[in-house]
Amino acid sequence: MQVGLEAFLLLSAALFAIGLYGAISKKSTIAILMSLEIMSIAISLNLVAINRFVTPSEMTGWFFTVFTMVTSAAEVGIGLGMLIAIYRRAHTSEVSDLDEMKG
Amino acid sequence: MDIHGYLTFLPYAVLLVAVAWALFAERLPFGDKGAAGVGALLSFVSAVIFVKAEIGAYLFGGKILFTADARFACAGICLLTGIWLLWTAGRAQGRIREAVALGLLASMGSCLMVSASDLIVMVLGIELATMPAYVLIGYRRNRVNGLEGAIKYFLLSVLASLLMIYGVTFMYGIAKSTSFGALNMANAGSLGLVAVLLLFVGIFAKISAAPFHYWAPDAYEGAESWIVAYVSSVPKIAGIVLAMRLVNFIASASKTAVFQDTFSTILIIAAVASMALGSFAALTQRNTKRVMAYSGVVNAGYMLMPLVVMSASSVASVAVYSVFYGLASMGLLLVTASEGGEIADLVGLSKRRPAAAWALAIFALSMVGVPPMAGFFGKFYMFTSTVKGGHTWLVIVATIASIVSAFYYMRFVKAAFFDQPAEEIKQAEAPVVPVEPAIDEPVRTTFLASTALVICTTLVVALGPLSGFLLEWILNPTW
């Protein structure tokens, strides 16, 4: 049996949906960051699968994957740095506790 | 491609030199302020090189297409960065060298973003332009408010980026290429539309257009005013010019009527929602930065409007207005940066700093769109090109939003010129802003800040009547 492009796209769509649900529903900042990482993995899977099935003679999608992995790693670095800074001041990492500003 | 093509990349290298200077400012003469000064100088140099740059060339195997509107936007971005750094060298307190480096990197990302003609370069440019902004918003680590705004901005912005890149992966799959020239989304049915919609969710979030603007007020309120001056102007110019280029490339490659109708409906909904939500939210705000955040939402609405028409003149008018908006917004926030964050803190400004008060009035009038100022001419060209494209009712909505905007901008002028200070209330509510101790010698450099404001004011007054020439420079790039 041949596994086609659709199977990979469905898997990555499922991963993306799980990540999106987590990013919207979770209260802990760390859980949100983990959900965002799941979404970024869905993107990488999408790119690799599309490269394999749509443009097998080129490597565009693979290069794109490497770049998105680098940027999401940098984003997590910034996010954890801010999280530590905020935990030192406010002693919480829950998004719902961070509500000093309203309007 | 010959060597002249690569010379187009000289300004990016110049900006990188300034970044390197700022990162090693500790060991270089004049410390932090010197880094800001050098950054300002090199930004102005890059702006001049961008003005002189050759256009129409594909660089790096088609990854970059330097068009006349990209050239104008890049020159505007570098000019604004220079003005901001000049002010920073003059008046910013505490440790600023990282802010200088981050600002310059974000400007470089913005320039890359507006000249990209490939999805990969576009995504990298957007990331390079927004990642420094997260750090800048939370720059003072001892302010919990700033960190709270920064982490909200970070989470929403990363979410929007990921939605955008997810859309981009499908666009790559449909077009079988990442080049902008091949973005024919019309043959893929609803998948093409969904991909484009996801891409524009990301871009709407970057330019804080409704309904993806919720991060802006909190992020701006928590940050210091001089940082908001940068974050609210430069990345917005880049975002709107990128949106314009994308609309142009996608609409010209995907020619079916169904696709184009749906695409322009998306833009119309975002434009009207931005103007309506932004206007009403801005009316009730008491904090300068929150007002400017909502005014940014309204202005994103104005600038999305001509994109629906997509004629050559509407494109040029958006590019011109985005720079005018950036100048006025940056100027207004830089004037208020030396005062407190509330509008009430501006009371008595005309007695304390008369020149700054008049500059504030000029920026506010330009934002409203009162005739001699640049904002009026920018709006005039945008509105006329939209009417010519047959969307008169959109312009009526925009005009109402402009009239409403007079109420909240004039509040600044009223506070600065006409309100009497109420001593006891001011004493009680005066914000205590802890500032890290200055590292270098307290050299008197405030004249640099005044110079920056003078440049900004002069441009806002003088560029208005010259905007016809600017449009001509974008539309007929022969000179």
Honestly, the part of A/I32 sitting under 4.5 Å from a heavy atom of chain B is side chain
Turns out that what part of B/L163 lies under 4.5 Å from chain A's heavy atoms comes down to both
Under 4.5 Å to a heavy atom of chain B? For A/A13 that would be both
Could you pull out every donor-acceptor pair under 3.5 Å between side chains of residues 65-83 of chain A and any protein atom, sequence neighbours left out?
unit_1, atom_1, unit_2, atom_2, d
A/T65, OG1, A/G61, O, 2.6
A/T68, OG1, A/F64, O, 3.3
A/T68, OG1, A/T65, O, 2.8
A/T71, OG1, A/F67, O, 3.3
A/T71, OG1, A/T68, O, 2.9
A/S72, OG, A/S40, OG, 3.4
A/S72, OG, A/T68, O, 3.2
A/S72, OG, A/M69, O, 3.1

Taken in chain and number order and not counting sequence neighbours, the residues that satisfy ring pair (Phe, Tyr, Trp, His ring centres under 6.0 Å) with B/F204 are B/F200
B/F212 meets the ring pair (Phe, Tyr, Trp, His ring centres under 6.0 Å) criterion, sequence neighbours left out, with none
Under 4.5 Å to a heavy atom of chain B? For A/A85 that would be both
Checking heavy-atom separations under 4.5 Å from chain A, one finds in residues 168-178 of chain B B/V168, B/T169, B/F170, B/Y172, B/G173, B/K176, B/T178
Interface check, chain A: of B/L155, B/T284, B/L128, B/V135, most non-hydrogen pairs under 4.5 Å belong to B/L155
One should read off an interatomic distance between A/L47 CG and B/I165 CD1, to the nearest 0.5 angstrom, of 9.0 Å
Output for pair (A/L33 CG, B/F154 CZ), nearest 0.5 Å, gives 5.5 Å
Heavy-atom closest pair (A/L36 atom, B/L162 atom, distance to 0.1 Å) is O-CD1, 3.4 Å
